[in-house]
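Heavy-atom basis, side chains included; hydrogens, waters and symmetry copies ignored.
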Amino acid sequence: MDTKHIRNFSIIAHIDHGKSTLADRMLELTGAVELRDMQAQLLDDMPLERERGITIKAHAVTIYHVKDGERYQLNLIDTPGHVDFNYEVQKSLQACEGAVLLVDASQGVEAQTVANAYLAIEEELEIIPVLNKVDLAHARPDEIAEEIENSLAIEATDAIHISAKTGKNVNLVLDTIVDRVPAPTGDPSAPLQALIFDAVYDEYRGVIVYLRIFNGTLTKRDLTRMVKSGKQYEAVEIGRFSPKMTPTDTLKAGEVGYVVSNIKKLGDVKVGDTLTLAKFRDVEPVPGYEEPQHMVFADFYPTNPGDFEHLRDALETLALSDSSLSFFPESSDALGFGFRCGFLGLLHMEIIQQRLEREHDIDMIQTAPSVTYRISLADGTEQEIHSPGQLPSPDHFEELREPIVRASMMMPVEYIGAVMQISNDHRGIFVRQEHLSTTRVNLVFDIPLAEIIYDFYDKLKSSTRGYGTLNYDIIDFKADDLVKLKILVNGKEVDALSSIVHRSQAEYRGRQTLKKLRKEIPRHLFEVRLQAGVGSKIIARESIAALRKDVTAKCYGGDITRKRKLLEKQKAGKRRMRQVGNVDIPQKAFLSVLGGE
Amino acid sequence: MHLPFCAAKCHYCDFYSIAAEGQDVDGTVDAVLLEAARRAPRAPRTVFFGGGTPSLLSIEQLTRLLDGLESITGFRESSVETTLESNPESMDREKAEALRALGVGRLSIGFQSLEPATLELFGRVHGVEDSFRAFEAARAGGFEEINVDLIYAAPGHSPERWAVDLPHVLALGPRHVSAYALAFEEETLFSKWLAEGRLEAQPEERELELFEQTHAILAAHGFDSYEVSNFAPKGHECRHNLNYWANGAYCGIGPSAVSHIAGRRAGNHKALAPWRKAVQAGKSAEAWDERLDPRGRLGESWWLGLRLRAGVDPAALRELAGWTAPEDPALAVARPLLEEGLLEEVDGRIRLSAAGLPLADAISLAFLA
């Protein structure tokens, strides 16, 4: 197909605004999927995604749409909708010429929609505003169109009114994509230049690389080279997603597809890298490749120390399809050998943790997430601190600085007071307030990232009844009166439970942490003493009383096997805990340093 | 020998039992004898008829069962202890006399509680008076070795009440008492009610208080606590049950019955119908089996043996388990517990200390592989 008949586009939407449903309707309408094969949210193929209703990984699908008697190839590149996945969103958008900006006609513009739409504007994409769920009684499309104009400066009076659920006007969206999204430019006979915008690992076929060809042609059996990594591989199979992987012989400039090269070394492929042919030595890389910036760190320790290598393999596999995950070996006095992992944000962390457990069947202990701190040493050098346990005592550094984010929070006007309050409580500094419409407002605060992680997001959600949305960017590192809050269990400091807090909050947070630990740590045959301290001073205490009675009433011949198995199960549960000294600490207890429930 | 019929299912009970009404009890007796003829050991040392409520069988059925078993095993000659479990609603003097004549020397009666409200909560079909009447009938019928089953720490139970009720039972002159703290066993109505909040378990402090009170009252009446929930004057311990706690061998007959023979433990089909079908077809009625490795057997033997006041003999358990390596893993587990005073060593045997007794599960858990 010539490039004139190709359109590459994404859908930008907030969680729950109906992106996956719209994609499903498009597949159905264009006959890419038979109705009987439809499974709601076809594009989300990781079980976790369907469960959470959010899109974690970018995916691609090729559909064919006929307009005015001409057949067009439409490549839909799906993007993750959450603030944590900005880099992936950016790479997906880079592979497109246009984007559908999908907004729920009753919910309105949300902070993440704005953030992703700005990324699309930066990439100079043609943006098509679409209002979804217009059939609902409380839809207010005109007001929402005004919000789009006010928050993004995009003309939205002609926004298409659709219902992805019923299919209303979805065909018009497809027509509009053909009309307004520019056909890709690019020369099929130039040297190959293709953007790797995603990759997944298949046990049998190795790495499957998702490509957008900007220039040149990729033919089956070509010897390829990745520009950044320098690795060379043969293109064993190439093809399109329609939506299942469908082999083809060539992919030309403007097209989207995949290449399979029997790549078993996971680290060889990096999202954002450029693929070319081995014979072309001076091909320009697609701009914008960067190592993702990790702002949240947490440690993963295998519950069974023998699983260390298994955990490493699993992390390598995940890191392949998720270039934004980083990890390096780490050891803790309390937890032994594990990995410190860097994440884009909290949701990202949670997803990785669940994927490790579900897809790789690993039981592990995860420490509470922490942000990256910077300390200046007496000799003028700087050092990054990724975990509170690493922080040296105060006489070993001059200054301790923490990341500050500019947080943009959108909400209905009636919640302004509540959000101002929680922002102030979390050491926020007011920046500005903007009215998006008569009913909605954007509040901007500078807030320490550590506060966002502690419980700010939970608080924002609960104080706005779920209507408040948040997006943030790191803008600075600032010094403050920060101290290390230590936790001692039976007199022994547990490094994995310490945190860095503002001095004024130390006592309150120490108490909160101990209260939670008290709930999480099971009773033992002896009393368990819990203490929180700053420096050498103990600021809070709790204790867990010793177990007093635990005896099975009866156990006769017919009971032995069953009762023993019950106890063995209990014992296996204990093995999933970590022993610190002689105290068993369950996984959940390590998250006690966070706020929220 | 497991006879699964009960007048009604008690709400706390997790043994396999079914309401006798409308069931083919005669056919079940036939099937039990059929299985016994194939599997029961000749000349058993002890015999125990449990369930279920074996006393629910008619004298004719009991006669057929016991005569049948006699002709298969010759237990009347060999058995030093033949026990039958009963409930007050199905025990009278006539039945007691018949049982004595049929070779049963020891009777267990399920009193469970002396509080009418508790009996009702338990779903028992007898009243308090019925229990006393059954005891007297058994005595009059010729039984001296009588055990009484009691459950304490039920919702609403108080030490004040127990201080009166337990001695009241002991005044009858039983030779053995099984006194259990109420346990919310899995898959019982009680555990469901607990989860739904319809029942509340006694607080741990109260349970402990009742546990200690039970031990104190029974000790004062000359009953040794020879196992965590079993009490008897010296010489009247239940030998059949002692064999379970010593992890010895036994043969189980009937639905859901478990056997432990030559290191292999196996359980029959739980439900009556599949068990009976298998037996009548001449097939094995086993639904599962297991054979532990030496380490598993060693741990299991300690776990069971620590229930006994006499505790365990480490060398004997090593031999039983077939553990031959120089280092005894169970002793390695025992050492810190001895130091903490939860276990104690007496005459080369290791047992729970007074402090360890109420924590038997938490402690013996450590020994399981």
Side-chain angles (χ1 to χ4, degrees), chain A residues 303-307 363 489-492 518-530 542-587 589, chain B residues 2 14-16 48 50 151 153 178-183 185-186 204-205 207-208 211 227-230 240-241 243-245 247-248 250 252 256-260 265-267 288-290 292 296 299-300 303-304 307 336-337 340 342 352 356-366 368-369:
Chain A
T303 322
N304 169 8
D307 280 345
D363 272 326
V489 176
N490 273 357
K492 191 179 183 324
R518 192 166 175 257
K519 265 197 258 167
E520 298 293 347
I521 297 177
R523 295 166 69 197
H524 285 64
L525 291 168
F526 43 84
E527 183 189 28
V528 176
R529 282 172 295 115
L530 304 170
E542 284 276 357
S543 76
I544 303 170
L547 198 60
R548 300 288 308 278
K549 181 174 183 294
D550 182 8
V551 49
T552 307
K554 58 183 170 62
C555 185
Y556 297 118
D559 303 319
I560 293 170
T561 295
R562 190 170 48 88
K563 298 224 180 219
R564 192 198 69 237
K565 282 186 173 164
L566 266 176
L567 289 170
E568 280 169 352
K569 222 162 89 186
Q570 229 184 74
K571 190 162 181 176
K574 275 180 90 164
R575 275 195 209 103
R576 275 197 292 278
M577 301 188 203
R578 277 316 267 255
Q579 265 212 327
V580 176
N582 50 359
V583 179
D584 295 315
I585 304 184
Q587 146 72 46
Chain B
H2 191 101
D14 67 332
F15 286 116
Y16 174 67
F48 199 104
I151 295 176
S178 296
Y180 313 112
L182 176 68
E185 304 283 354
E186 281 188 335
E204 185 187 39
E205 290 304 315
E207 243 189 58
L208 182 64
F211 179 85
E227 193 255 1
V228 290
S229 304
N230 283 282
H240 189 84
N241 288 343
N243 180 52
Y244 292 141
W245 299 314
N247 216 359
Y250 46 89
S256 87
V258 175
S259 302
H260 185 213
R265 203 175 282 122
W288 60 269
D289 77 325
E290 67 169 6
L292 300 181
E300 188 186 73
W303 164 62
L304 286 170
R307 295 183 69 88
L337 293 163
E340 285 170 47
L342 294 168
L352 293 169
L357 189 64
L359 294 166
D361 276 10
I363 294 167
S364 57
L365 182 67
L368 293 178

Check whether [X] gets within reach of chain A through its side chain, its backbone, both or neither, counting any heavy atom under 4.5 Å.
X: B/Leu342; value: side chain
X: B/Leu182; value: neither
X: B/Ala257; value: neither
X: B/Glu290; value: side chain
X: B/Ser256; value: neither
X: B/Phe15; value: side chain
X: B/Asn243; value: neither

Would you please classify the geometry between the A/Tyr556 ring and the B/Trp245 ring as parallel, tilted or perpendicular, with 30° and 60° separating the classes?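 Rings of B/Trp245 and A/Tyr556: tilted, as their planes differ by 30° to 60°.
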
For the residue pair [X] and [Y], what are the closest heavy atoms and their distance?
X: B/Ala360; Y: A/Val551; value: CB-CG2, 3.8 Å
X: A/Leu566; Y: B/Glu186; value: CD2-OE2, 3.6 Å
X: A/Ala553; Y: B/Arg307; value: O-NH2, 3.3 Å

Taking the side chain from [X] and the backbone from [Y], do they hold a donor-acceptor pair closer than 3.5 Å?
X: A/Asp550; Y: B/Asp361; result: no
X: B/Glu204; Y: A/Leu547; result: no
X: A/Lys571; Y: B/Leu368; result: yes
X: A/Arg564; Y: B/Leu304; result: no

Looking at A/Arg548, I want to see if its CZ is surrounded by more than 12 non-hydrogen atoms of other residues, nucleotides or ligands under 6.0 Å.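 Open: at most 12 neighbouring heavy atoms sit under 6.0 Å from CZ of A/Arg548.
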
Is the number of heavy atoms from other residues, nucleotides or ligands within 6.0 Å of CZ (A/Arg518) greater than 12?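 Open.
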
Check this for me: does any side-chain nitrogen of one of A/Lys554 and B/Asp14 sit under 4.0 Å from a carboxylate oxygen of the other?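 Yes.
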
Are any of the side-chain nitrogens in A/Lys563 or B/Glu185 under 4.0 Å away from the carboxylate oxygens of its partner?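 Looking at A/Lys563 and B/Glu185, the cut-off is met.
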
What residue in B/Gly267, B/Pro358, B/Gly299 has the most heavy-atom pairs under 4.5 Å with chain A?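 Looking at each option in turn, the highest pair count goes to B/Pro358.
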
Just give me the residue among B/His260, B/His240, B/Glu205 that pairs up with chain A most often, heavy atom to heavy atom, under 4.5 Å.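 The option with the most such pairs is B/Glu205.
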
Need one label for A/Asn582: side chain, backbone, both or neither, based on atoms under 4.5 Å from any heavy atom in chain B.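 When you check distances to chain B, no heavy atom of A/Asn582 falls under 4.5 Å.
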
Residue A/Leu525 versus chain B: region with a heavy atom under 4.5 Å: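 Side chain only.
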
Would B/Tyr244 and A/Asp559 count as a side chain to side chain contact (heavy atoms under 4.5 Å, CB included) if you check the C-alpha gap in whole Å, the side-chain angles of each, and the deciding distance to 0.1 Å? CA-CA 10 Å; B/Tyr244 292 141; A/Asp559 303 319; over 6 Å; no

